[in-house]
Amino acid sequence: MSWMDYIFKALGFESEEKKNKTVKKKTRASYKLKNGKAQDRVEEIDGIPVYYPENFIQAREYTEFLKDKKAVIISTDLCDKDDRDRILDFYNGVVAGIGAKFIVLDEGRLYLLLPEGCEVEE
């Protein structure tokens with residue numbers, strides 16, 4: 001900081017360079033999913049809807065959101081291991097095919113499907 005900066009600061013002025021600097025806050029998704037009971041299910045996390053497919057057929061229906069350029073969070077809490085593996089393989093193929101992103105939020109439970117052109121701060 002130069003001596004002129006101190007004078008300007010004392011007079012209540014700031015340099016343009018300092019005014020233009022903005023501090024970006026990192027946003028973190030805050031969620032608390034419970035045991036998967038219907039009454040305890042979270043409907044959305046940070047404005048993104050959460051879906052709970054119970055089988056592969058229901059999981060296929062949620063790909064329509066990606067086609068419509070909408071992000072969606074998938075919770076596999078209600079699936080058995082075989083269905084979960086099949087669903088995750090399917091989603092990995094879908095996102096690769098349409099240029100979307102598949103982000104693991106909570107290993108084995110929670111996944112973010114992000115359409116092409118959307119970004120998330122990490």
Side-chain angles (χ1 to χ4, degrees):
M1 188 179 247
S2 72
W3 63 274
M4 287 298 290
D5 288 333
Y6 287 112
I7 293 172
F8 286 134
K9 187 175 181 181
L11 295 173
F13 297 102
E14 288 186 61
S15 68
E16 285 298 316
E17 182 180 301
K18 289 183 181 182
K19 284 183 182 179
N20 292 334
K21 285 186 179 179
T22 58
V23 177
K24 282 189 176 181
K25 278 182 144 182
K26 288 189 176 184
T27 57
R28 300 255 181 217
S30 54
Y31 60 89
K32 222 177 197 182
L33 297 180
K34 298 187 180 173
N35 297 325
K37 297 176 186 173
Q39 68 270 18
D40 293 336
R41 291 185 198 163
V42 175
E43 291 183 20
E44 66 178 39
I45 297 172
D46 291 340
I48 300 173
V50 179
Y51 294 100
Y52 300 83
E54 295 179 22
N55 55 45
F56 180 70
I57 295 169
Q58 286 180 345
R60 288 178 57 191
E61 296 171 5
Y62 302 139
T63 59
E64 294 299 318
F65 291 104
L66 287 175
K67 291 178 186 176
D68 294 337
K69 303 286 186 197
K70 295 179 185 174
V72 65
I73 295 174
I74 302 296
S75 172
T76 57
D77 285 345
L78 303 179
C79 301
D80 63 17
K81 184 181 178 343
D82 292 334
D83 277 337
R84 180 177 59 236
D85 292 343
R86 186 173 180 201
I87 288 169
L88 295 178
D89 286 343
F90 173 73
Y91 283 138
N92 276 313
V94 168
V95 298
I98 64 173
K101 293 181 184 174
F102 184 83
I103 301 170
V104 178
L105 298 177
D106 186 6
E107 188 68 40
R109 302 181 56 194
L110 211 55
Y111 305 91
L112 172 63
L113 304 176
L114 202 60
E116 184 179 20
C118 292
E119 293 295 323
V120 164
E121 276 187 28
E122 293 184 24

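Just so you know, these numbers use all the heavy atoms, side chains as well, and skip hydrogens, waters and symmetry mates.
Atom CZ of Arg84 is separated from atom OG of Ser75 by 10.0 Å, given to the nearest 0.5 angstrom. With rounding to the nearest 0.5 Å, the separation of CZ in Phe102 from CG in Leu114 is 12.0 Å. Taking CD1 from Ile48 and NZ from Lys70, the interatomic distance works out to 13.0 Å, rounded to the nearest 0.5 Å. Here the straight-line distance linking atom CZ of Phe56 with atom CD1 of Ile87 works out to 8.0 Å at 0.5 Å rounding. Distance CG/Asn55 to CG/Asp80: 9.5 Å, rounded to 0.5 Å.
With sequence neighbours excluded, no residue forms a ring-ring contact (aromatic ring centres under 6.0 Å, His included) with Tyr91. Annotation: ring-ring contact (aromatic ring centres under 6.0 Å, His included) contacts of Tyr51 (sequence neighbours excluded): Tyr62, Phe65. With sequence neighbours excluded, the residues forming a salt bridge (charged side-chain N to carboxylate O under 4.0 Å, His left out) with Asp85 are Lys81, listed by chain and number. Taking Lys101 as the reference, Glu119 meet the side-chain hydrogen bond (donor to acceptor under 3.5 Å, both in side chains) condition, with sequence neighbours excluded. Legend: residues meeting salt bridge (charged side-chain N to carboxylate O under 4.0 Å, His left out) with Glu43, ordered by chain and number and at least two apart, are absent.
Under a hydrophobic clustering in which Ile, Leu, Val, Met, Phe, Trp and Tyr are joined whenever their side-chain heavy atoms come within less than 4.5 Å, directly or via other members, Ile74 and Leu78 fall into different clusters. No path of Ile, Leu, Val, Met, Phe, Trp and Tyr side chains, each step under 4.5 Å between heavy atoms, connects Tyr52 with Leu113, placing them in separate hydrophobic clusters.
If you run side chain to side chain contact (heavy atoms under 4.5 Å, CB included) between Tyr111 and each of Leu88, Ile73, Leu105, Asn92, only Leu88 comes through.
In plain terms, the two heavy atoms of Ala100 and Pro115 that are nearest each other are CB-CA, 4.0 Å. Listed here is the closest heavy atom pair of Ala71 and Pro49: O-CD, 3.8 Å.
Sorted by first and then second residue, the salt bridge (Lys or Arg N to Asp or Glu O under 4.0 Å) pairs involving residues 47-61 (not counting sequence neighbours) form an empty list.
Residues Ile45 and Leu110 form a side-chain contact, since some pair of their non-hydrogen atoms from C-beta on lies under 4.5 Å apart.
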